[in-house]
Number of protein chains: 2
Amino acid sequence: MAFEEEQKIFDSFVREKGLKHSAQRIDILLTFLKTEKHLTADELHTLVKKKNPAIGIATVYRTLKLLCESGLSSELRLGDGSVRYEHFYGHEHHDHLVCIKCGNFTEVLDTEIEKLQERLARKEGFTLQGHKLLMYGVCKKCKG
Amino acid sequence: MAFEEEQKIFDSFVREKGLKHSAQRIDILLTFLKTEKHLTADELHTLVKKKNPAIGIATVYRTLKLLCESGLSSELRLGDGSVRYEHFYGHEHHDHLVCIKCGNFTEVLDTEIEKLQERLARKEGFTLQGHKLLMYGVCKKCKG
DNA sequence: TTGATTATGATAGTGATTATCAAATTCAAA
DNA sequence: TTTGAATTTGATAATCACTATCATAATCAA
Ligand SMILES: [Mn+2]
Ligand SMILES: [Mn+2]
Ligand SMILES: [Zn+2]
Ligand SMILES: [Zn+2]
């Protein structure tokens with residue numbers, strides 16, 4: 001429950017970039033790691049303030065950018081305009097199956113689909129670097 | 001003048017919604033239909049002003065919303081935050097292969113991928129309604 | 001301990017989109 | 001054809017998520 005590995009990664013990143021240490025960043029990092037949800041910057045700010053009420057939203061945005069650069073987090077945009085952040089380190093690549101009724105979503109992976117994407121890109125002369133697949137539908141519960 | 005079919009669809013939509021007819025909406029509709037590009041609201045506004053310089057950006061946004069509701073257009077969000085609009089009526093479903101260097105993109109379709117998405121969703125208990133697949137890579141030109 | 005450098009939080013600014021509103025336009029009814 | 005209630009418009013204000021600015025505070029190598 002200490003996230004030593006992630007903290008080490010963040011420390012190295014900060015050092016290599018010639019940045020300095022700060023308690024705020026650690027608070028934000030640990031709060032982010034503690035939840036497995038896909039949070040917005042604002043939601044994370046609300047959570048972090050429980051531990052350190054003085055932290056400003058600007059610092060949350062700044063730290064989230066660092067977390068993405070260091071490979072600990074990644075941006076996620078589900079259909080609507082909102083930007084969310086999910087864990088990246090130690091999490092396999094996955095896509096999202098979103099329920100259009102209740103908004104819940106499931107993380108999925110289909111290696112065949114991944115392979116076919118590679119093939120498709122190659123056929124078009126592209127060197128594939130990544131992809132985002134969002135699938136929209138109605139979940140089991142909402143069909144009841 | 002072309003696009004009779006699209007104009008008919010728009011007219012029916014406007015009538016059914018109890019809205020009124022306006023010259024501005026027609027200017028916006030025809031300008032949108034005339035280009036096959038994926039435009040932002042602002043880009044469309046710039047184009048429409050060549051025909052009718054008095055048209056305001058608010059009316060472009062309002063009309064774009066109507067075009068989407070009537071099934072003539074659909075929103076497109078490529079990775080970054082920008083919102084673009086593409087033709088929807090008479091256009092087959094397709095996905096996008098985006099070049100991370102030059103920003104150009106290709107429209108693609110792989111029926112196998114589409115089928116596998118169905119299968120994946122079913123396996124998770126979802127009834128699939130749609131999806132968005134964005135693939136990022138480096139295009140032929142940019143690899144030169 | 002020092003002091004150059006970086007980090008912070010408050011706040012101003014930005015860009016895209018939406019809301020507001022008075023004036024103009026549409027269109028069904030007279 | 002005229003009328004007038006309802007809708008539409010363009011200008012502009014407001015909003016929202018995010019970034020830039022800046023004075024002050026914290027960090028850390030020397
Ligand atoms: Mn996820
Ligand atoms: Mn397209
Ligand atoms: Zn659901
Ligand atoms: Zn390219």
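Letters A, B, ... mirror the listed sequences (proteins, then strands); counts begin at 1.
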*Asks:* Does the A:S70 side chain pair with the main chain of A:L67, one donor and one acceptor, at a distance under 3.5 Å?
*Replies:* yes
*Asks:* Have a look at B:R62 and say if it touches a base, only the backbone sugar-phosphate, or nothing, with a 4.0 Å heavy-atom cut-off.
*Replies:*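 If one applies the 4.0 Å heavy-atom cut-off, B:R62 turns out to touch a base.
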*Asks:* Once you apply a heavy-atom cut-off of 4.0 Å, does A:I55 come out as touching a base, just sugar-phosphate, or nothing?
*Replies:* sugar-phosphate
*Asks:* From the options D:dC18, D:dG10, C:dG9, select the nucleotide whose nearest atom is closest to the side chain of B:A58.
*Replies:* D:dG10
*Asks:* Under 4.0 Å: is that the gap between some side-chain N or O of B:Y61 and OP1 or OP2 of C:dT17?
*Replies:*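 Yes, within the criterion.
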*Asks:* Does A:H21 make a side-chain N or O approach to OP1 or OP2 of D:dC28 shorter than 4.0 Å?
*Replies:* yes
*Asks:* Separation of B:Q24 atom CD from C:dT25 atom C1', in whole Å?
*Replies:*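 Atom-to-atom, B:Q24 to C:dT25, this comes out as 9 Å.
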*Asks:* Of all the choices, D:dC18, D:dT19, C:dA7, which nucleotide is nearest to the side chain of A:V83 once you look at every atom?
*Replies:*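 Closest nucleotide to the A:V83 side chain: D:dC18.
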*Asks:* To the nearest angstrom, how far is B:R25 atom CZ from C:dC27 atom C1'?
*Replies:*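 For the pair B:R25 CZ and C:dC27 C1', the rounded distance is 14 Å.
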*Asks:* Mind checking if B:G81 touches a base, just sugar-phosphate, or nothing, with heavy atoms under 4.0 Å?
*Replies:*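 Answer is nothing: B:G81 stays at 4.0 Å or more from every strand.
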*Asks:* Within a 6.0 Å radius of atom NZ on A:K115, are there more than 12 heavy atoms belonging to other residues, nucleotides or ligands?
*Replies:*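 Incorrect, the count does not exceed 12.
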*Asks:* Give the rounded distance in Å between these two atoms: CZ of B:R77 and P of D:dA17.
*Replies:*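 For the pair B:R77 CZ and D:dA17 P, the rounded distance is 13 Å.
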*Asks:* Mapping B:S22 and A:S82 onto DNA chain D by nearest heavy atom, which one lands closer to the 5' end?
*Replies:*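 So the residue in question is B:S22.
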*Asks:* Identify which one of B:F32, B:Y85, B:F105, B:F88 satisfies the ring pair (Phe, Tyr, Trp, His ring centres under 6.0 Å) criterion when paired with B:H38.
*Replies:*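 The ring pair (Phe, Tyr, Trp, His ring centres under 6.0 Å) with B:H38 is passed solely by B:F105 among B:F32, B:Y85, B:F105, B:F88.
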*Asks:* By the 4.0 Å heavy-atom rule, please label A:A54 as base, sugar-phosphate, or nothing.
*Replies:*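 Sugar-phosphate, backbone atoms only, no base.
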*Asks:* Looking at A:V14, is its backbone amide N or carbonyl O close enough to the side chain of A:H21 to form a donor-acceptor pair, meaning the two atoms are under 3.5 Å apart?
*Replies:* no
*Asks:* Take atom NZ of A:K20 and atom P of C:dG3, then tell me their distance rounded to the nearest Å.
*Replies:* 14 Å
